[in-house]
Colleague: 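Here it is: the structure, laid out below.
Remember, predicted model here, so these are calculated numbers, not experimental data. Just follow the structure's listing: the first ligand is 1, and inside any ligand the first atom is 1.
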Amino acid sequence: MRFALMISGVFAGAAVLAGAIAYVLLSGELTGRLRQDVENMAGNLAYTLQNGGPQDLLEQIDALSANARDGSAVAAYIDPQGLKIAGNFSPDHPFAGHRVLRVGRDMTLAGTPTGVVPTDYFAYGLQTNQGWIITGRDAEWVAENTEVLLQGTAWGLGVALILSIMLAVFIARRNETRIERFEDVLLAVGAGAHDLRVVDHGHDDIGRLAGRVNHTLVQLEAGIAAIRQVSTDVAHDLRAPLARLRMRLEPHVLADQTPVGLRDDLGRALEDLDGISATFDAILRLSRMQAGLVPLQVHAFDIAALCRELVELLAASAEDAGHRFTTDVPPTAAAYGDRDLIAQAILNLADNAMRHCTMPAEIHLSVKARSEGWLVSVTDTGPGIPAADRTRATERFVRLDASRNTSGAGLGLSLVTEILRLHGSKLHLSDNSPGLRAEFVLN
Ligand SMILES: Nc1ncnc2c1ncn2[C@@H]1O[C@H](COP(=O)(O)OP(=O)(O)OP(=O)(O)O)[C@@H](O)[C@H]1O
Ligand SMILES: [Mg+2]
């Protein structure tokens, strides 16, 4: 918009400059013509004086005065003694050559002209051996003609300026909305909607850019899908060997003849194996959900009762870790959805609160009635997630720097997001000052 207005300004400046140059040239040209004209008039009268004598000259001057009753042209004959003999004006004193005469100061008009009384004359004095012949023309003529030019330029400039500003505003607005569309799509893609594309049918630079961006988004989506597929394939292919490994190790952990030290080591190895299996299970569950392979078992269920069950399940381990676990749920809360998946989502949020709050914290699970449905919140008073990392934290395998020393695969929030997406809802992370507030609405 600023650029468009700047171009309009430059255009207006150029038009004003062109107008000024035309004005100077035209008024110079018209002044030259007027001077030439008064010189010719004086020449004609001198010719008459020379060839016809004073009587003829007087007649010609009378005829000229009669023709110019509006005062547009003046002429006077002054004898060699400086006495005015004839004419419709008298200069203060005779002179030779070009002059500008001001009425009242340098000359007086004989009689009152019809119409507007002229103020200045371009005059020419010609000295002959029989006296002076002085002629003049109303200088206003130049101003009148140049005024037409000025008015024409001003109108043209005004109309052109209005049109160019309107056009500039129109183009700027149009491009602004088109660029906003880019921003919206790129933001949404960044937030995970990888299948979005920029819709722009323009045949200009922005349209071409849209094509490029879309092409890049297609490649990006394919790349992300490929990476997902690899992790899914790895998880899938390694499950069976892991299970076999577990089956092989387990008897040795239980066998009496295994030395105690080795038994402990094997026990820890089994725990690690279980952790890996759990991660692989989570990857596969997530992939299947994202591929639409998990059929939702949607039923009416009591989400308040579900929360109470989960708290019972978690309270002991939360207290072991030093946290305080409190709830605020209504006696009943009828909701629709897949009870098991919603339980998994709440469990993941509560598990995060317990694991990522390294210091003893206050963990709170609540269900509140809202006009859109039941608002389920899990809050804690731990370190929280900085605003800039909240979107990223819900992506696969993303674990923030603050959690380097805690266990986990970075899949918990991805699963929650996917479960909620299947329910037409969204995970909302915000600041609990201090701590994290994780919320979603279920109806
Ligand atoms: N309540 C919380 N307080 C502070 N940070 C959190 C909280 N919940 C999640 N995070 C941050 O977000 C990251 C992603 O969480 P997510 O649940 O997806 O993975 P994880 O808990 O690390 O591993 P997983 O859930 O797969 O065992 C965590 O690593 C942690 O850095
Ligand atoms: Mg987690």
Colleague: Are any of the N/O atoms in Pro383 less than 3.5 Å from those in ligand 1?
Modeller: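 No, Pro383 has no N/O under 3.5 Å of an N/O on ligand 1.
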Colleague: Are the side chain of Arg399 and the backbone N or O of Gly408 linked by a donor-acceptor pair below 3.5 Å?
Modeller: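 Checking the backbone N and O of Gly408 against the side chain of Arg399, a donor-acceptor pair under 3.5 Å is found.
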Colleague: With a heavy-atom distance limit of 4.0 Å, tell me whether Leu413 approaches ligand 1 through its side chain, its backbone, both, or neither.
Modeller: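 The part of Leu413 near ligand 1 is both the backbone and the side chain.
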Colleague: Under 4.0 Å between a Lys/Arg side-chain N and an Asp/Glu carboxylate O for Asp265 and Arg268?
Modeller: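 Between Arg268 and Asp265 there is a salt bridge, with a charged N closer than 4.0 Å to a carboxylate O.
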Colleague: Report the nearest protein non-hydrogen atom to atom 27 (O) of ligand 1: residue, atom name, distance rounded to 0.1 Å.
Modeller: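 Looking at atom 27 (O) of ligand 1, the protein heavy atom closest to it is Arg355 NH2, 3.0 Å.
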Colleague: CG/Leu436 to CG/Leu429 distance, rounded to the nearest 0.5 angstrom?
Modeller: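 The CG atom of Leu429 is 5.5 Å from CG of Leu436, to the nearest 0.5 Å.
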Colleague: Heavy-atom distance to atom 5 (N) of ligand 1: which of Ile385, Ile283, Thr279, Leu286 wins?
Modeller: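 Result: the heavy atom closest to atom 5 (N) of ligand 1 is in Ile385.
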Colleague: Among the heavy atoms of Gly410, does any lie under 4.0 Å from an atom of ligand 1?
Modeller: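 So Gly410 counts as touching ligand 1.
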Colleague: Is any NZ, NE, NH1 or NH2 atom of the basic residue among Glu439 and Arg370 found under 4.0 Å from an Asp or Glu carboxylate oxygen of the other?
Modeller: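 Here Glu439 does not pair with Arg370 in a salt bridge, since their nearest N and O are not under 4.0 Å apart.
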Colleague: Does an N or O from Leu400, backbone or side chain, lie closer than 3.5 Å to an N or O of ligand 1?
Modeller: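 The answer is yes, given that Leu400 and ligand 1 share an N or O pair closer than 3.5 Å.
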Colleague: Would you say Ser407 has any N or O atom under 3.5 Å from an N or O of ligand 1, going by distance alone?
Modeller: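 No, Ser407 has no N/O under 3.5 Å of an N/O on ligand 1.
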Colleague: For atom 3 (N) of ligand 1, what's the nearest protein heavy atom and its distance?
Modeller: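 Atom 3 (N) of ligand 1 sits closest to the protein heavy atom His356 CB, 3.7 Å.
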Colleague: Say whether Asp380 and ligand 1 are in contact under the criterion: heavy-atom distance to a ligand atom below 4.0 Å.
Modeller: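 Asp380: in contact with ligand 1 (<4.0 Å).
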Colleague: Could you list the atoms of ligand 1 found under 4.0 angstrom from a heavy atom of Ala353?
Modeller: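 That gives atoms 1 (N) of ligand 1.
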Colleague: So among Ile342, Val367, Val378, Asp328, which one has a side-chain contact (heavy atoms from CB on, under 4.5 Å) with Cys307?
Modeller: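 Of the listed options, the one satisfying the test is Val367.
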Colleague: Among side-chain atoms of Arg396 and Ser231, is any donor-acceptor pair under 3.5 angstrom?
Modeller: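 Arg396 vs Ser231: donor-acceptor pair found between side chains.
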Colleague: Got a second to check how far Asn214's CG is from Leu209's CG, nearest 0.5 Å?
Modeller: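 It comes to 9.5 Å.
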Colleague: Starting at CG of Leu34, measure out to OH of Tyr121 and round the result to the nearest 0.5 Å.
Modeller: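 Spacing of CG (Leu34) from OH (Tyr121) equals 11.0 Å.
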Colleague: Indicate whether the side chain of Gln344 and that of Asp340 have a donor and an acceptor atom separated by less than 3.5 Å.
Modeller: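 Their side chains do not contain a donor-acceptor pair, so the 3.5 Å distance test is not met.
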Colleague: Just distances here: any N/O of Gly412 and N/O of ligand 1 closer than 3.5 Å?
Modeller: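 Among all N and O atoms of Gly412, at least one is under 3.5 Å from an N or O of ligand 1.
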Colleague: For the 3.5 Å polar cut-off, considering only N or O atoms, please tell me whether Leu411 and ligand 1 meet it.
Modeller: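 Yes, at least one N or O pair falls under 3.5 Å.
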Colleague: Could you find the nearest protein heavy atom to atom 31 (O) of ligand 1 and give me its residue, atom name and distance?
Modeller: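 The closest heavy atom on the protein side is Ser403 OG, 2.4 Å.
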Colleague: Atom CG of Leu411 and atom CG of Leu286: how far apart are they, to the nearest 0.5 Å?
Modeller: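 Interatomic distance, Leu411 CG to Leu286 CG, rounded to 0.5 Å: 6.5 Å.
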Colleague: Closest non-hydrogen protein atom to atom 22 (O) of ligand 1, residue and atom name please, with distance?
Modeller: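 The answer is Arg399 NE, 2.7 Å.
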Colleague: Which value, rounded to the nearest 0.5 Å, describes the distance between Phe397 atom CZ and Thr279 atom OG1?
Modeller: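 Going from the CZ atom of Phe397 to the OG1 atom of Thr279 covers 8.5 Å.
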Colleague: Return the closest protein heavy atom for atom 13 (C) of ligand 1 as residue, atom name and distance.
Modeller: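 Sorting protein heavy atoms by distance from atom 13 (C) of ligand 1 puts Val398 O, 3.8 Å first.
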Colleague: Is any N or O atom of Asn352, backbone or side chain, closer than 3.5 Å to an N or O atom of ligand 1?
Modeller: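 Checking ligand 1 against Asn352, an N or O pair does fall under 3.5 Å apart.
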Colleague: Could you work out, for atom 4 (C) of ligand 1, the closest of Gly384, Ala438, Ala278, Ala282 by heavy-atom distance?
Modeller: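 It is Gly384 whose heavy atom sits nearest to atom 4 (C) of ligand 1.
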Colleague: Does even one non-hydrogen atom of Gly382 get within less than 4.0 Å of ligand 1?
Modeller: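 For ligand 1, residue contact (heavy atoms, under 4.0 Å) with Gly382 is absent.
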Colleague: How far does CG of Asp389 sit from CG of Leu400, to the nearest 0.5 angstrom?
Modeller: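 These two atoms lie 5.0 Å from each other.
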Colleague: Specify whether an N/O/S atom of Asn352 falls short of 2.8 Å from the Mg ion (ligand 2).
Modeller: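 So Asn352 does bind the Mg ion (ligand 2) by this criterion.
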Colleague: With atoms numbered from 1 as shown, which atoms in ligand 1 lie under 4.0 angstrom from a non-hydrogen atom of Ala393?
Modeller: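 Listed by number with element: 12 (O), 14 (C), 18 (O).
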